[in-house]
Trainee: 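Can you read through this structure? Questions will come right after.
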Amino acid sequence: MAAQSFDLIVIGAGPGGYVAAIRAAQLGLKTAVVEREHLGGICLNWGCIPTKALLRSAEVFHLMERAKDFGLSADKIGYDLDAVVKRSRGVAKQLTSGVGHLLKKNKVTVVMGEATIPSKGKVTVKTDKGTEELTAKNIILATGARARELPGLEADGDLVWTYKHALQPARMPKKLLVIGSGAIGIEFASFYNTLGADTTVVEVMDRVLPVEDAEISAFAKKSFVKQGMKIMEKSMVKQLDRGKGKVTAHIETGGKVEKHDFDTVISAVGIVGNVESLGLEALGVKIDRTHVVTDAYCRTGVDGLYAIGDIAGAPWLAHKASHEGVMVAELIAGKHAHPVKPESIAGCTYCHPQVASVGYTEAKAKELGFDVKVGRFPFIGNGKAIALGEPEGMIKTVFDAKTGELLGAHMVGAEVTELIQGYVVGRQLETTEEDLMNTVFPHPTLSEMMHESVLDAYGRVIHM
């Protein structure tokens, strides 16, 4: 059978891959997507979307428990874990079906199977029906990443889970250990803790959510502890002894190892890029710690071969992958493409309370040599937050004292994953403190705190 010829082949149909394919098709490029498992990739099937569905259930459960605070009554409050998981899977399935519809609508050819690149411009796909040969002048790698597993801490699906097991639990953990306090670890810790699991989080760094601003991390930790979580920082799980219905974790803190028993462990210690079996080494693609090395335009150094999303390195965020997909598609189509700036991409963690940030932390800005002005505003000073019954939180802004440039914004509290986009737009438009101070924010809204934080940085705060 003759090879099918395309202008562009995208390997991987996660957020970056399918968005790249759709944008390329819109620009008139004959495009194919090769996917080995699920349209929508990890994000829609096993990551961003189903976890948010679980966390929404936990949030509603938490509010039901607080019914009396709102003058309401709710008796015999409980949950059906199987039903919670079923809803989560249903949400994921709905969105995955939507991706298939969008690809079909835009006349993108979808090939389900395992791809390899035997030579430049050629893709071989092993499918259920045999082998298909595809050719294209341009190829985009969007194969994503998977959970990192440390020696001795490997998941077994019974006592030790990865995120996939945690999304489809066979049982509700009673005593849970979460290894790693990045976004994935903290979100699962928050979900299971809210539903009643006795939850311990172990973090090797000196604070939870270590990529966030130190003040925000400290605030979040205080809230987690208040909710009953046990937080062990500067600690490491050295060994897991697995028994019948029990795991004994050897946890080292300050050079001393203590043993703690749990019935469930969730390992959330990072990710590794899916770079194997593609034939990248033979093509001359440079790989650094399981991630493909690219330039600002996602070019690999091999003519016509690009890499986007998680396989191309941090930040490992779906919205970064999608934006890169659009950029590369437009670059291939001869349009003027703008490179993605990692420091202007927001990070969001959907624990309770939520955490969101964009740009430099205060410490990073100082390290880079900026003379900074810092503003803060607490949720307790905001009328809408009090009316919502969500008075715990803080917004922090960091400015360049010389130019007024917004260097960074950091938030913890209710709905901050929605609020952060205001500052993202501000950074994109190169907004100064004067622009933000002269902007009229609607009342009563949580967004007013964004305004007050800016005012505070320049000694003009009103409601504090």
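Side chains are part of it too, since the values below use all heavy atoms of this structure and drop only hydrogens, waters and symmetry mates.
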Trainee: Kindly confirm or rule out a cation-pi arrangement of K175 over F262, judged by NZ or CZ under 6.0 Å from the six-membered ring centre and within 45° of its axis?
Mentor: yes

Trainee: Could you check whether the rings of H352 and H62 sit parallel, tilted or perpendicular, using 30° and 60° as the cut-offs?
Mentor: tilted

Trainee: Are the charged groups of K366 and E362 less than 4.0 angstrom apart, N to O?
Mentor: yes

Trainee: Are any of the side-chain nitrogens in R146 or E276 under 4.0 Å away from the carboxylate oxygens of its partner?
Mentor: yes

Trainee: So that I can tick it off, tell me whether K230 and D198 are bridged by a salt bridge, with the cut-off set at under 4.0 angstrom between side-chain N and carboxylate O.
Mentor: yes

Trainee: Establish, yes or no, whether the cationic atom of R89 lies under 6.0 Å from the six-membered ring centre of W46 and within 45° of the ring axis.
Mentor: yes

Trainee: Is there a donor-acceptor pair closer than 3.5 Å between any side-chain N or O of Y423 and the backbone N or O of M450?
Mentor: yes

Trainee: Is any side-chain N of the basic residue among K396 and E215 closer than 4.0 Å to the acidic one's carboxylate O?
Mentor: yes

Trainee: Looking at every heavy atom in both E415 and L446, which two are closest together, and how far apart are they?
Mentor: CB-CD1, 4.0 Å

Trainee: Any salt bridge between D400 and K373, counting N to O under 4.0 Å?
Mentor: no

Trainee: Closest heavy-atom contact between V398 and A365?
Mentor: CG1-CB, 4.2 Å

Trainee: Is the shortest side-chain N to carboxylate O distance from K234 to E203 below 4.0 Å?
Mentor: no

